[in-house]
Structures are given as structure tokens and as C-alpha cells.
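Notes follow the structure.
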Amino acid sequence: MVVHICCSVDSHFFLERLRREFPEEELVAFFYDPNIHPYSEYRLRLLDVERSCRKLGIPLIEGEYDYDGWLQAVRGLEREPEKGERCRVCFDRRLRRTAEMARELGERRYTTTLLVSPLKSQEQLKESALQIDRELGTEFLFVDYRSGGGTQEQGVVTKRERLYRQNYCGCLFGLSQQRAQQERIADELMEPVTRRVLPGSVAERLSLYQKRIELEERGIPYEIVRESFLNYRLLRGAVRVEGEVVPSYIVGYSLLRRKGSWVRVRVEFVEEGIAYCNRDEVRLLDLESLNRLLASRYRSVKELAFRGLDYGEELGLREILGMGCYNLSPLIVLDKIPTKLEISIDAVTYRDVRQKLLIRKTYA
Ligand code: SF4
């Protein structure tokens, strides 16, 4: 039987139950989820499903990440709520490909771990499957592992296996709606052009879950712990000198009182490469001073902007400059410090939760 897999939290429990109840079936897991966005989140969910299937000894096939095709299929349904028409199309697409995979493997039976997710409509899934079976001559297996304490049992399995628990269904549209309702920015959708890993980002989680696999392979005991922190995202920012935009690097946690508007500032004095401005506690740093302070060798601010400092270096820079880690003054690196300039910064700070790997020294 081919089992369509949506994520490890649903699949680990589902596959265990399926194997218990259908011991005669040879299970093949099929990860086909081109709905997942961004791609780093797709990699992360797949990584955890690979780990889960390895533990269960069930072969796994990765389907095509046909994101463009999926977008085309849900065109015009972007504003539909969850469990609405977009989800019906999304289920249909994933189930249809799973049924086709079953046929390619010479099987008739298939099912999906979506059945176990409390946020999905089992009715929608059944309706799609019925139509697919009529067309392809396949046989969808409907099982309800949610009721009779199933959801609670699933929670226990998730905790026991330390599975990656995502906090949105998967697609760009569902995520945007969810974050708008929560009055939170969808920071999952922000990835810098540089390879820099932002705190609390999907890329950070992906790297953490990759490391935990290494720890498991080396037999090193660990925990995944959560911590609250003040996160920051720069949405837009620029500097103008004599009306022309010049290359600039806006260091993390720089906030201006008037978000996104142009603010005219004048340099009052310069001390050791740091220019102190007359408004909004703006501080400027020239590239030469930055290189001296960080022992770096950037040749231009443009190069710095494309490579990007990491989060720790940005916080460290504020510390070196005596600004402290609670400082929200705009700190901007420029090739040369002008006497007058205009600055525009649109940025947000917000309470966030991130995960960390803790290596256990004492393990009971
Ligand atoms: S909310 Fe979930 S099920 Fe609905 S379309 Fe998006 S990814 Fe698919």
C-alpha cells in the first residue's frame, strides 16, 4: 500500500497504527507535497519524515516538488479559507499523484496521513478519493485514527519521538491568512539574498534538525529546548545623500520612530569612526572602522550587503561600540560618512520563540 505522507507528526503515528492493524500490507511512504512553501520548510519537513521512516524501517519515495504546477492549480482560490475550495484542490492533487504512484508500483491501495490531522476535513479527502478511484480503478483506504483517543496518542508519539512540529499547514496562502489573524508578520517568507541565517527563521530550524541527526548518529544525548526572545526583521531601508540612494548596511535592531518615512539627519561629531547624528539617536559607521572593529576585509558596503554579517556579529558590533544588547538606535554602515543624509527604515521587533539544541552532559 502506498501511503501519502504530509509531515512526520502525522505520519509516524499513522504508519505505526497502520502497520499494527494491517500487518499483511507492505507499506511504501510517498512524500508528495508541492504545496509547502517556502522550499526550506519543505526540506525541513522532508528531513524529519526521512528520519521517521528510517526509524520505522519503511521505504520512502520523494515526489516531485512541482510548486509552479500547484500554484497554477489553486489559481483564483488564494483567498479561500482553510477547509475551503483551495484545500479541496490541494488534497485532490496530492491524492491523485499518490494513486498514480500506487499504479506505477503495481498496487491498487493507497491512503494518506492527512486523515489523522485534526485540522483537515476527512469528508473532503473521502470525496476526492472516491472520484480518483472511479477514474483510475484504485482503492483508497479510509481509516479514522483521530477518534477514540487517537489524537491524544498521537501527541504522546510526537513527544516521544521528538518530531518536528510545524505551526502552519503548508502553503503560502494559508500561512499569510494565519499570520494576519495572529497579527504577526509571516517571517517564514523572509529569506535574505545572502546565505545569512536569521534568528527564528526556517533556515535556522533546518540547520538545527540537521545537527540533531548528526548527534543521534554519533550517540550524543541532546534536548530540543525553546526560548522566547525579541526578534527583528528589516523590511525596507535606504540612505540618500544629496538626493541619491547610496549603498548602506543597516545593522539589526535599528529602528526609526517614523517607520518607512525619510528622516533628514546631520552629523554632529565623529569619534573613532562613529558619527553621532542630531536626530533619532542615529549612529553611522564607516567601512574602514567596521573592518577594524570586526577584523574583516570588506572592500565596499555593497559587498558587505551581499555577504551579510551574522546575527551574533551584529549584536557583537553593538556591544563593541558600547551600545549594549538592548539598544535599538539606528546603526548604519556607509562607505564614507557624509555631513547630511536622509534615512528611511521600515523594521519590526516582536516577541518570538526559537528552538535550540542542548547537548546533555548529565543524562538520566
Ligand atoms: S491550507 Fe493546507 S490543505 Fe489548504 S491549500 Fe494550503 S497547504 Fe493545502
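For ligands, and for the atoms within them, numbers begin at 1 and follow the listed sequence. Along the sequence shown, residues are numbered consecutively beginning with 1.
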Short side-chain donor-acceptor distance under 3.5 Å, His4 and Thr98: no
Pair Asp187, Tyr350: side-chain N/O donor-acceptor within cut-off below 3.5 Å: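 A donor-acceptor contact under 3.5 Å links the two side chains.
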Protein-derived N, O or S atoms lying under 2.8 Å from atom 8 (Fe) of ligand 1, waters excluded: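 Protein N, O or S neighbours of atom 8 (Fe) of ligand 1 under 2.8 Å, waters not counted, come to 1.
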Cation-pi geometry met for Arg93 and Trp70 (6.0 Å, 45°):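 The answer is no; the distance or angle limit is not met.
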Six-ring centre of Tyr110, Arg94 cation under 6.0 angstrom, axis tolerance 45°: no
Any side-chain heavy-atom pair of Glu216 and Arg51 under 4.5 Å: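 Side chain of Glu216 against side chain of Arg51, heavy atoms only: contact under 4.5 Å found.
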Ligand-residue contact atoms, ligand 1 with Glu82, heavy atoms, under 4.0 Å: 1 (S)
Phe13 and Tyr145 aromatic ring geometry - parallel, tilted or perpendicular at 30°/60° bounds: perpendicular
